[in-house]
Peer 1: 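First the structure, which I've put down as structure tokens, then a few questions once you've had a look.
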Amino acid sequence: MHQDKDERSDAPVVSLSIGDTCVFRFGNTRTRTKPYTDLELHSGDLFVFGGQSRFAYHAVPKVYPGTGDPATGLSTGRLNITMRVTGLTDGPAT
């Protein structure tokens with residue numbers, strides 16, 4: 001499990017799953033251990049976390065091979081598209 005603690009924005013994280021079904025483990029903001037909730041994310045599912053949950057620990061501990069819709073163009077595997085505002089800059093703010 002990891003936490004996006006280096007980011008400087010509290011804007012929500014938007015995660016889109018494409019392909020194989022996975023288990024998404026969504027935890028708490030203090031520790032990698034319980035309590036956490038395991039959810040199945042299927043192709044096309046969108047998961048959004050923000051507010052106090054923005055910096056919760058999270059992970060994908062399992063992917064179920066061959067469960068995705070072939071119409072995605074993926075024969076197997078999972079593609080995750082994550083959209084976020086990090087609040088980080090590469091140089092001086094302008």
Side-chain angles (χ1 to χ4, degrees):
M1 303 221 348
H2 72 275
Q3 184 183 42
D4 303 321
K5 63 183 175 187
D6 295 333
E7 296 179 5
R8 295 187 182 107
S9 173
D10 60 358
V13 173
V14 179
S15 175
L16 173 63
S17 292
I18 301 170
D20 288 340
T21 297
C22 74
V23 173
F24 183 75
R25 181 164 290 165
F26 192 72
N28 62 78
T29 58
R30 294 174 306 284
T31 177
R32 288 181 172 89
T33 59
K34 291 184 178 181
Y36 55 74
T37 302
D38 285 347
L39 308 162
E40 279 195 358
L41 295 181
H42 302 270
S43 191
D45 284 350
L46 192 70
F47 189 84
V48 179
F49 54 106
Q52 291 181 345
S53 298
R54 171 62 171 82
F55 298 102
Y57 283 92
H58 54 282
V60 175
K62 184 167 182 70
V63 176
Y64 299 103
T67 56
D69 185 341
T72 63
L74 298 172
S75 58
T76 189
R78 176 177 177 268
L79 175 64
N80 175 261
I81 299 172
T82 303
M83 296 156 277
R84 61 175 8 107
V85 174
T86 66
L88 304 174
T89 61
D90 291 325
T94 56

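Computed from a predicted structure; not experimentally measured.
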Peer 1: What residue pairs, at least two apart or across chains, pass salt bridge (Lys or Arg N to Asp or Glu O under 4.0 Å) with a residue in residues 51-60?
Peer 2: E7-R54

Peer 1: Could you measure the distance from the CZ atom of F55 to the CG atom of N28? Nearest 0.5 Å is fine.
Peer 2: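 Rounded to the nearest 0.5 Å, the CZ-CG separation comes out at 14.5 Å.
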
Peer 1: Do V48 and L16 land in one hydrophobic cluster if side-chain heavy atoms of ILVMFWY residues count as linked below 4.5 Å?
Peer 2: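 Looking at the clustering, L16 is in the same group as V48.
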
Peer 1: For T72, which residues count as a side chain to side chain donor-acceptor pair (under 3.5 Å) partner, sequence neighbours excluded?
Peer 2: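 Scan of T72 (side chain to side chain donor-acceptor pair (under 3.5 Å), adjacent residues dropped) gives none.
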
Peer 1: Who are the side chain to side chain donor-acceptor pair (under 3.5 Å) partners of T33, not counting sequence neighbours?
Peer 2: T31

Peer 1: If we only count heavy atoms from C-beta on, is the C22 to V63 side-chain gap below 4.5 Å?
Peer 2: yes

Peer 1: For P65, check side chain to side chain contact (heavy atoms under 4.5 Å, CB included) against everything at least two apart and list the hits.
Peer 2: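 Per chain and number, P65 pairs via side chain to side chain contact (heavy atoms under 4.5 Å, CB included) with D20, T76.
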
Peer 1: Below 4.5 Å, heavy atoms only, C-beta onward: do H58 and V13 meet side chain to side chain?
Peer 2: no

Peer 1: Please give me the minimum heavy-atom distance between G27 and A56, naming the atom from each residue.
Peer 2: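 Closest heavy-atom pair between G27 and A56: O-CB, 3.5 Å.
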
Peer 1: What residues form a ring-ring contact (aromatic ring centres under 6.0 Å, His included) with F47, not counting sequence neighbours?
Peer 2: F24, F26, F49

Peer 1: Does anything in residues 71-80 pair up under salt bridge (Lys or Arg N to Asp or Glu O under 4.0 Å), and if so which pairs, sequence neighbours excluded?
Peer 2: none

Peer 1: Considering only Ile, Leu, Val, Met, Phe, Trp and Tyr, and joining two whenever side-chain heavy atoms are under 4.5 Å apart, list the other residues clustered with V23.
Peer 2: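 When side chains under 4.5 Å apart are linked, the cluster holding V23 also contains Y64.
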
Peer 1: Side-chain donor-acceptor pairs under 3.5 Å in residues 39-46, sequence neighbours left out?
Peer 2:
unit_1	atom_1	unit_2	atom_2	d
H42	ND1	T21	OG1	3.0
S43	OG	G19	N	2.9
D45	OD2	H42	N	2.7

Peer 1: Mind listing the closest non-hydrogen atom pair of R25 and Y36 along with its distance?
Peer 2: NE-CE1, 3.1 Å

Peer 1: Tell me the salt bridge (Lys or Arg N to Asp or Glu O under 4.0 Å) pairs involving residues 61-75, sequence neighbours left out?
Peer 2: none

Peer 1: What is the distance from atom CG of L79 to atom CD1 of I18, rounded to the nearest 0.5 Å?
Peer 2: 5.0 Å

Peer 1: Please name all residues satisfying side chain to side chain donor-acceptor pair (under 3.5 Å) with N80, sequence neighbours left out, ordered by chain then number.
Peer 2: S15, T82

